[in-house]
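Input: a single structure, listed below in structure tokens.
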Amino acid sequence: MITQFNIKNQKIKGPLNLSLTINSGQTSQPPWKESNSYFQELIQVEGAPCLVNIKHDDADTDSNLEIIAESTEKVSEKGIKNSVREIFSLDHDLNQFYQFLSEDPKLTPTIEFCQGLRLFNAHNPFECIISSISSANCSILRWTRSVNDIKRKWGDQYHFDSGDFYSFPVPNVLGNVPEHDLEEMQRCEDELPEDFIFENNLQACGVGYRAKYIINAARMIQSEIGIQKVARMRYDEAFDTILQLPGVGPKVADCILLYGFKMGEAFPVDVWIKRIVEHLYFPGEELKPQEVRVFGMERYGDWAGYVQLYLFHYARKSGLLESLRKK
DNA sequence: TTCCAGGTAGTCG
DNA sequence: CGACTACCTGGA
């Protein structure tokens with residue numbers, strides 16, 4: 001079954017730059033696959049696996065978003081539309097956000113550099129948790145590759161005309177995969193040739209020492225900390241809860257709450273955001289990450305997550321990032 | 001070859 | 001608590 005439709009201008013509140021949003025390195029998920037000017041990903045809609053293809057003319061940020069959805073099961077157009085709107089935060093009124101930015105001289109320059117950039121929310125909160133843990137002290141290229149490897153090795157495979165796609169494994173599955181080569185070998189019943197290459201283990205996905213964190217986090221989510229439970233919490237309680245997961249510190253926790261649980265008041269502070277905030281608001285001073293986090297949350301309120309996104313990409317594109325490199 | 005990348009956990013004072 | 005350091009990996 002194939003469903004096709006457009007989301008019209010007025011349904012998107014303000015501009016959209018789809019390519020920028022997908023490729024901006026947000027830790028919710030790896031970039032969607034690009035094919036024939038469409039972006040594609042397999043997502044769950046109303047409990048059914050569904051391949052979503054989307055296309056947008058980024059040269060005209062106010063243009064329609066075209067959506068083609070394919071599923072072997074019955075999926076409503078409304079369900080697909082709502083999922084896409086959530087993932088690309090199409091209901092966030094960017095014009096209102098730009099009004100907010102323009103009221104702070106320090107933030108005003110970000111507007112022209114980030115036109116149409118939106119929060120790229122997770123379609124799968126658990127995947128977002130693992131992505132975020134994988135991203136710590138790691139390049140974007142590497143963690144995105146790791147997440148795609150995990151999907152290919154332990155996710156369910158779905159075949160479409162445009163190619164094979166994989167779901168992200170559920171906690172119960174990921175929590176029981178071998179951590180490294182040795183463990184994979186020990187679990188193997190048969191004799192193996194000397195030169196056998198072990199690849200069905202987490203470290204083989206390039207996650208390094210984070211393999212242990214990922215497996216234990218998956219187990220904790222399955223047993224104690226349910227996704228649904230966290231989703232119902234308010235920000236403060238959710239932050240303390242998610243912080244208990246191994247491999248999750250304040251920065252990763254805020255990424256998870258922002259992208260995975262759509263808590264826009266989260267202000268993830270990495271080394272760059274810290275340097276940018278210091279440069280803009282406290283020249284010559286050095287703040288602690290926690291102080292920057294509190295500053296951001298108090299000053300930006302419900303837009304904190306968006307401001308973090310805009311500050312980082314503004315700094316990156318304007319050359320500010322380079323000038324702030326290595327202290 | 002050496003260094004570093006969108007932090008965190010472990011240790012020590 | 002606050003400061004300090006090791007840590008997988010692979011691309012530049």
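Lettering of chains follows the sequences in order, A, B, ..., and the numbering in each one begins at 1.
You'll find that the side chain of Phe312(A) is closest to dG6(B), out of dG6(B), dG7(B), dC8(C). The side chain of Tyr209(A) sits closest to dC7(C) out of dA9(B), dG6(B), dC7(C). Side-chain proximity of Arg145(A) to the nucleotides dC8(C), dG10(C), dG7(B) is greatest for dG10(C). Residue Cys255(A) places its side chain closer to dG6(B) than to any other of dG11(C), dC8(C), dG6(B). For Ala136(A), whose side chain is taken as the heavy atoms from C-beta onward, the closest listed nucleotide among dT8(B), dC8(C), dG6(B) is dT8(B).
Within 6.0 Å of atom NZ in Lys106(A), 12 or fewer heavy atoms from other residues, nucleotides or ligands are found, so the atom counts as exposed in its surroundings.
Of the residues near DNA chain B, Tyr213(A) and Ile140(A), the one whose nearest nucleotide (by heavy atom distance) lies more toward the 5' end is Ile140(A). Closest-nucleotide positions on DNA chain C for Leu141(A) and Asn137(A) were compared, and the one nearer the 5' end corresponds to Asn137(A). Mapping Pro246(A) and Tyr259(A) onto DNA chain B by nearest heavy atom places Tyr259(A) closer to the 5' end of the strand.
The aromatic rings of Phe120(A) and Phe88(A) lie parallel to each other, their planes meeting at an angle below 30°, with 60° marking the opposite boundary.
With rounding to whole Å, Lys212(A) atom NZ is found 13 Å from dC7(C) atom P. Taking atom CG on Leu287(A) and atom P on dA3(C), their separation rounds to 13 Å, with Å as the unit. Atom C1' of nucleotide dC1(C) and atom CD of Gln290(A) are separated by 13 Å, given to the nearest angstrom. Here dT9(C) presents its P atom at 15 Å from CD of Glu199(A), a figure rounded to the nearest Å. Between the P atom of dC4(C) and the NZ atom of Lys288(A) lies a distance of 12 Å, rounded to the nearest Å. In this structure, Ile130(A) places its CD1 atom 14 Å from P of dT8(B), rounding to the nearest Å. Between the NZ atom of Lys251(A) and the P atom of dT8(B) there is a distance of 7 Å, rounded to whole Å. We find that CD of Gln244(A) is positioned 15 Å from C1' of dA9(B), with the value rounded to whole Å.
Taking the ring centre of Phe239(A) as origin, the terminal cationic atom of Arg293(A) falls inside the region bounded by 6.0 Å and 45° from the ring axis.
Looking at heavy atoms from C-beta onward, Phe261(A) lies out of side-chain contact with Cys128(A) at the 4.5 angstrom threshold.
No side-chain donor-acceptor contact under 3.5 Å links Arg219(A) to the backbone of Ile214(A).
Base-pair partner of dC8(C): not found among the strands shown (Watson-Crick or G-U wobble, both distances under 3.5 Å). Pairing of dG2(C), defined by two Watson-Crick or G-U wobble distances under 3.5 Å, is identified with dC12(B).
If you check every strand for non-hydrogen atoms under 4.0 Å, Ser24(A) touches a base. Leu311(A) comes within 4.0 angstrom of no nucleic acid atom, judged by non-hydrogen atoms across all strands. Within 4.0 Å (heavy atoms only), Gly208(A) reaches at least one base atom of the nucleic acid. Contact annotation for Pro250(A): backbone-only contact, meaning every heavy-atom pair under 4.0 Å involves sugar-phosphate atoms and none involves a base. Ile273(A) comes within 4.0 angstrom of no nucleic acid atom, judged by non-hydrogen atoms across all strands.
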Which is it for Tyr310(A) and Phe97(A) under the ring pair (Phe, Tyr, Trp, His ring centres under 6.0 Å) test, yes or no, and what are the steps along the way? CA-CA 11 Å; Tyr310(A) 270 56; Phe97(A) 176 52; 5.0 Å; yes
The test is salt bridge (charged side-chain N to carboxylate O under 4.0 Å, His left out); show your working for Lys212(A) and Glu179(A) and say whether it passes. CA-CA 7 Å; Lys212(A) 196 185 308 287; Glu179(A) 185 187 330; 3.3 Å; yes
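Using atom P as the reference point in both dC3(B) and dT5(C), the two lie 16 Å apart (nearest Å). Distance check on atom C1': dT8(B) versus dG11(C) gives 23 Å, rounded to whole Å. Rounded to the nearest Å, the gap between the C1' atom of dT9(C) and that of dT1(B) is 16 Å. Rounded to whole Å, the P atom of dG10(C) lies 22 Å from the corresponding atom of dA9(B).
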